[in-house]
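Below you'll find the structure, written out as structure tokens, and then a few comments.
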There are 2 protein chains.
Amino acid sequence: MQAKPLIQHFETYLPFEVEEKQLIHERISFRKVKRREHLLRTVEICRHYTFVVKGVLRMYGIDGNGKEHNILFASENEWLSDISSFHATQPGESNIQALEPTEVIQIEQQDLYYLYINIPKLDRIFKVITEEKYVELQNRVFQSISSTAQERYLYFLSKYPSLGSRLPNTQIASYLGITPEFLSMIRKELVAKK
Amino acid sequence: MQAKPLIQHFETYLPFEVEEKQLIHERISFRKVKRREHLLRTVEICRHYTFVVKGVLRMYGIDGNGKEHNILFASENEWLSDISSFHATQPGESNIQALEPTEVIQIEQQDLYYLYINIPKLDRIFKVITEEKYVELQNRVFQSISSTAQERYLYFLSKYPSLGSRLPNTQIASYLGITPEFLSMIRKELVAKK
DNA sequence: ATTGACCCATAAACTAGTTTAAGAAATCAG
DNA sequence: CTGATTTCTTAAACTAGTTTATGGGTCAAT
């Protein structure tokens, strides 16, 4: 049953009844995404909350000079969505792309709202999930205003050890807000220190 | 009645019954905070969700060299808390301080949990509030990896026009992740351009 | 009125990070 | 297996932002 990873994820927060699981099962869809395939592009409306079962997605924005900047990565058991575009049903500025062959579970807006109404504990679960994500982002903001690029890189590695080896350094540099050349220098220095 | 600004705030999301308002009223407390007074310091447990009725608070972290960095400001009708410290009942690393004489409404952990249980729509309201805050932070992360200090300053001014004039530039520089000297230069350039 | 704390500005020397360019290494489609 | 594309590294010249120091203005407290 393809909803299983999602149900397991929800049950790390609160237990669910069989009927509730069935309701969820009816309202989600499963999708495979190829490496480099996009789930969302700038100016499109974000129609889904996306849960990563396997693989890695990146969300990125494009600046005034056309350069891409990685806002975040989502790997196994993480949610990803352009939240403001999703709720407002308005075009957003985010892009979502697979960096590996990826499998996701998606919920559309009307289905998510239906589930919120019929399974109120989902309000609580998504409140908690969003709070957790908020704390992560807040730590990242603090880092970005208080730390050097090397410190930020080490923090990234400690926080997402698997991504450090799964992702090309260009993607990591984009996430850290530095050039791949400078990341290369940082890595060289770190190896030298050891 | 001192709970009024808070109830008004909640009712911008969903309507409330009289009994619900009463329940909220019984579980909150009102407090005045002097300019420069702290509501929270590093290593303390964050015991409250704090709602700003009047004034401005800043939340800041301290880096390895003892320097302060502003993570965010909270002014009228905004919530502020060290979320992870609050929920985990564990010492955190955030500091909260008033930058003006400030009036706040506070909810303690047990009272907030009581309200979540007895007024389920508060789960939904705080889910939405946290999502809104999340989107703000995400925009800020994007800015920090994609924009120059001048662009970040102009964005800050456009987003929080009142804070631009209410706060000393040192506080704004700390929020932008630059030195006050450099902000001074940016401001000079902007005036010259006009 | 006067002190002291705080805030802002200016300028010179410095450092962290970018840009450009060019070559080596790894990865991938056919 | 091979050519093509992407990725990583190195280095030199450059730019954005910091540091240090100095001086002036404002405002609350004595």
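As the structure is a computational prediction, the values presented were derived from the model and not from experiment. Per chain, numbering begins at 1; letters A, B, ... match sequence-line order.
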Strand contacts (DNA chain D) in residues 31-42 of chain B, 4.0 angstrom heavy-atom criterion:
none

Hey, are B:Glu108 and B:Arg27 close enough for a salt bridge, meaning a charged N less than 4.0 Å from a carboxylate O?
no

For DNA chain C, find the residues of residues 179-186 of chain B with a heavy-atom distance under 4.0 Å and give them by number; none if there aren't any.
B:Glu181, B:Ser184

Sequence neighbours left out, what pairs pass ring pair (Phe, Tyr, Trp, His ring centres under 6.0 Å) with at least one residue falling in residues 159-181 of chain A?
A:Phe73-A:Tyr175, A:Phe156-A:Tyr160, A:Phe156-A:Tyr175

If you apply the rule side chain to side chain contact (heavy atoms under 4.5 Å, CB included), what do you find for A:Ser75 with A:Leu163, and how did you get there?
CA-CA 8 Å; A:Ser75 58; A:Leu163 292 186; 4.3 Å; yes

Rounded to whole Å, the CZ-C1' distance (B:Arg187 to C:dC7) equals 11 Å

Show which side-chain atoms of residues 117-125 of chain B pair as donor or acceptor with protein atoms under 3.5 Å away, not counting sequence neighbours.
unit_1	atom_1	unit_2	atom_2	d
B:Asn118	ND2	B:Tyr114	O	2.8
B:Lys121	NZ	B:Pro15	O	2.6
B:Lys121	NZ	B:Glu20	OE1	3.0
B:Asp123	OD1	A:Arg124	NE	3.3
B:Asp123	OD1	A:Lys127	NZ	2.8
B:Asp123	OD2	A:Arg124	NE	3.0
B:Asp123	OD2	A:Arg124	NH2	3.0
B:Arg124	NE	A:Asp123	OD1	3.3
B:Arg124	NE	A:Asp123	OD2	3.0
B:Arg124	NH2	A:Asp123	OD2	3.0

Examine distances only and state if a side-chain atom of B:Ser165 and a backbone atom of B:Ser162 form a donor-acceptor pair shorter than 3.5 Å.
yes

Who pairs with B:Tyr13 by ring-ring contact (aromatic ring centres under 6.0 Å, His included), at least two apart in sequence or on another chain?
B:His9

Proximity to DNA chain C (any heavy atom under 4.0 Å), residues of residues 62-76 of chain A only
A:Lys67

Is A:Glu93 reaching over with its side chain to a backbone N or O of A:Gly61, donor-acceptor style, under 3.5 angstrom?
no

In this structure, CD of B:Gln106 is separated from CZ of B:Arg31 (nearest 0.5 Å) by 5.5 Å

My understanding is that only residues two or more places apart in sequence, or in another chain, count here; which of them pass salt bridge (Lys or Arg N to Asp or Glu O under 4.0 Å) with A:Glu68?
A:Arg58

Roughly, in whole Å, what's the span from CD1 in A:Ile178 to P in D:dT9?
12 Å

Rounded distance (Å) that lies between atom C1' of C:dA9 and atom CG of B:Leu190
15 Å

Taking only residues two or more places apart in sequence or in another chain, which ones pass side-chain hydrogen bond (donor to acceptor under 3.5 Å, both in side chains) with B:Thr148?
B:Glu151

Rounded to whole Å, CD of A:Glu151 lies from C1' of C:dA16 at a distance of 12 Å

If we fit an axis to the first five pairs and another to the last five of the helix from C:dA1-D:dT30 to C:dG30-D:dC1, what angle do they make, to the nearest 10°?
50°

Heavy-atom pair of closest approach, residues A:Thr89 and A:Ile45:
O-CD1, 3.6 Å

Tell me: OH of A:Tyr153 to C1' of D:dC8, nearest whole Å?
12 Å

Do side-chain atoms of B:Thr130 reach the backbone of B:Val128 as a donor and acceptor pair under 3.5 angstrom?
no

Near DNA chain D, which residues from residues 162-172 of chain B have a heavy atom under 4.0 Å away?
none

Which residues share a side-chain hydrogen bond (donor to acceptor under 3.5 Å, both in side chains) with A:Arg152, sequence neighbours left out:
none

My understanding is that only residues two or more places apart in sequence, or in another chain, count here; which of them pass side chain to side chain contact (heavy atoms under 4.5 Å, CB included) with B:Lys54?
B:Glu76, B:Glu103

Rounded to whole Å, how long is the line connecting atom CG of A:Leu99 with atom C1' of C:dT27?
15 Å

Ring centres under 6.0 Å, that's the criterion: do B:Phe126 and B:Tyr49 meet it?
yes

Salt bridge or not for B:Glu37 and B:Lys32, using N-O below 4.0 Å?
no

